[in-house]
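Throughout, protein chains are lettered first and strands after them, A, B, ... in sequence-line order, and every chain is numbered starting at 1.
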2 protein chains.
Amino acid sequence: MTLRERKKLRTRQTLIDTALEQFTRRGFDGVTLDELCEAVEVSKRTFFRTFASKEDVAMAPAQDLWTLFLAELESAVPGGRTLLEMERDTLLAALERAAREEGWAGRMALAHALAQRTPSMDGHNRHFCESTTRSALDVLRRRFGLGGPDDPRPRLAIDMLVAAFHLAMAGWADSPEPDPADLAARLRDALAALPAALTLVPDEGGAAGVSSP
Amino acid sequence: MTLRERKKLRTRQTLIDTALEQFTRRGFDGVTLDELCEAVEVSKRTFFRTFASKEDVAMAPAQDLWTLFLAELESAVPGGRTLLEMERDTLLAALERAAREEGWAGRMALAHALAQRTPSMDGHNRHFCESTTRSALDVLRRRFGLGGPDDPRPRLAIDMLVAAFHLAMAGWADSPEPDPADLAARLRDALAALPAALTLVPDEGGAAGVSSP
DNA sequence: ACCATTTATGTCACTGAGTGGCATAAGCCT
DNA sequence: AGGCTTATGCCACTCAGTGACATAAATGGT
């Protein structure tokens, strides 16, 4: 790797770390890009050559994970598993690779906490999620037929994976000392709860039901 | 209803219709707020007293639907149905009420088409979806116990409902002459496909599998 | 070690979204 | 009609994001 590339990557990492730290401490809206760039000693123009938006810099950990997921998906084989099981294992593999990066878990937890209390970050995050989902669907359709482009099942399967992941993440990021293995376990649990969620029956007569005595 | 309120509502509707028309014709980014306000003969300041953002004005049809959904949910009764079935019927009821509004279907279709090709709109849309989901979850937990705040199933059930709705909407908005009854049918179909999506098994050996001959 | 080429960075000026403050106008009530 | 409330308009401002162009730094060949 050339010196140029290393410098660029280092600037990127510094921006991410500084942004996460400042946003967490003073709030997303409490930090202007000028201040962030000042702290990293980089021009605003350079910032926007590295990230597409103010939100993007704080979403980098999540983006990295899903990029790995897509890469892993290219080489996944069914092996008699359910589509959802295959996706689960692919995501777990991506998780394992992402977690090799020093300090990834901490960054991911900060990013998630920020997204929770910053509408615009949550929005960007979910839009990114959607485009990743589409890409994943393209890969799945290309590599396995899966009943043509009108079959609703593959799309629903990925959405269920994503829903389970968000659920797992919500619990994990709030826990003290977030650890990748714990996130993996939570993801498994959330996915295992899907069939029960489908058939869950609420108690008869809600507490404030219209015709309760 | 007072004259003041009627005027305010009329301005709101005009803004929505004009925005949808202009955004569709010239693109979301191709229309500045100044131009939109000029066309409706309203100051920019007034625009932001009616809508929180440029994106919001085009998302109004969807917001109205989900607001109705939450209202319906307050008076829904289980009646021996699955939670997901109850949510489905509640959403169908909201849909029916929303569709009474003259031209709602057309606005909804335009709004969806715009969100498809405008990242920032998609992001806002999905964030709004998430906050609605949370509110719905609050209502469900308040009215029916549903196994405490740590039970993952209710959350997953709503996410499945939303996933099915998005899927139904995607097919519906692209169809010629979008009609509310058709959207309802598509929603039923998408929800009915959920169990199959959960157990779908891909063909063995992907087309570009790593170890294919 | 030097120079030409390529590529990253910085500077400046600009557009457009969104906000606060305050004056004015429009609707409301008796 | 006239005082009261509330919506609207206007002005100046902050800040995210972009385009054009100059400058600096890395690379590769000699």
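- The aromatic ring centres of B/Trp172 and B/Phe165 sit 6.0 Å or more apart.
- Remark: the backbone N or O of A/Leu65 is not paired with any side-chain donor or acceptor of A/Arg97 at under 3.5 angstrom.
- In terms of the side-chain contact (heavy atoms from CB on, under 4.5 Å) criterion, residue partners of B/Ser135 (sequence neighbours excluded) are, by chain and number, B/Leu70.
- First and last contacting nucleotides of DNA chain C toward chain A (any atom under 4.0 angstrom from a heavy atom, 5' to 3' order): C/dT6 to C/dT11.
- If you find the closest nucleotide of DNA chain D to B/Lys8 and to A/Glu55, the one lying nearer the 5' end belongs to B/Lys8.
- Here A/Glu177 pairs with nothing under the side chain to side chain donor-acceptor pair (under 3.5 Å) rule; sequence neighbours left out.
- A heavy atom lying under 4.0 Å from DNA chain D marks none of the residues of residues 115-127 of chain A.
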Item to check | nucleotides 23-30 of chain D: protein proximity per nucleotide (B base, S sugar-phosphate only, - neither; heavy atom, under 4.0 Å) | outcome: --BBS---

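- B/Leu36 has its side chain within reach of B/Val40: a pair of non-hydrogen atoms, C-beta onward, lies under 4.5 Å apart.
- Put simply, the side chain of A/Glu38 does not reach to within 4.5 Å of the side chain of A/Asp34, judged on heavy atoms.
- A/Phe51 pairs by the ring pair (Phe, Tyr, Trp, His ring centres under 6.0 Å) definition with A/Phe47, not counting sequence neighbours.
- Taking atom NZ of B/Lys54 as the reference point, atom C1' of D/dA16 lies 14 Å away to the nearest angstrom.
- Side chains of B/Gln22 and B/Glu35 form no contact here, defined as non-hydrogen atoms less than 4.5 Å apart.
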Name each donor-acceptor pair under 3.5 Å that joins a side chain in residues 9-20 of chain B to protein atoms two or more places apart or in another chain, with its distance.
from, atom 1, to, atom 2, distance (Å)
B/Thr11, OG1, B/Lys7, O, 3.0
B/Thr14, OG1, B/Arg10, O, 2.7
B/Thr18, OG1, B/Thr14, O, 2.6

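- For the pair A/Asp159 and B/Leu167, the minimum side-chain heavy-atom distance is 4.5 Å or more.
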Return all side-chain donor-acceptor pairs below 3.5 angstrom for residues 84-94 of chain B, not counting sequence neighbours, or 'none' if the list is empty.
from, atom 1, to, atom 2, distance (Å)
B/Glu85, OE1, B/Thr82, N, 2.9
B/Asp89, OD2, B/Arg81, NH1, 2.7
B/Thr90, OG1, B/Met86, O, 2.7

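- Side-chain atoms of B/Arg126 do not come within 3.5 Å of backbone N or O of A/Asp122 as any donor-acceptor pair.
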Item to check | Trace of the side-chain contact (heavy atoms from CB on, under 4.5 Å) decision for B/Arg25 with B/Glu21 | outcome: CA-CA 6 Å; B/Arg25 188 155 49 83; B/Glu21 188 267 327; 2.8 Å; yes

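- Residues passing the side-chain contact (heavy atoms from CB on, under 4.5 Å) test with A/Asp189, sequence neighbours excluded: none.
- Within residues 11-19 of chain B, no residue approaches DNA chain D, by heavy-atom distance under 4.0 Å.
- With sequence neighbours left out, A/Ser120 forms a side-chain contact (heavy atoms from CB on, under 4.5 Å) with A/Phe28, A/Glu55, A/Thr118.
- Listed by residue number, A/Val31, A/Thr32, A/Leu33, A/Lys44, A/Arg45, A/Phe48, A/Ser53 are the residues of residues 29-53 of chain A with a heavy-atom contact under 4.0 Å to DNA chain D.
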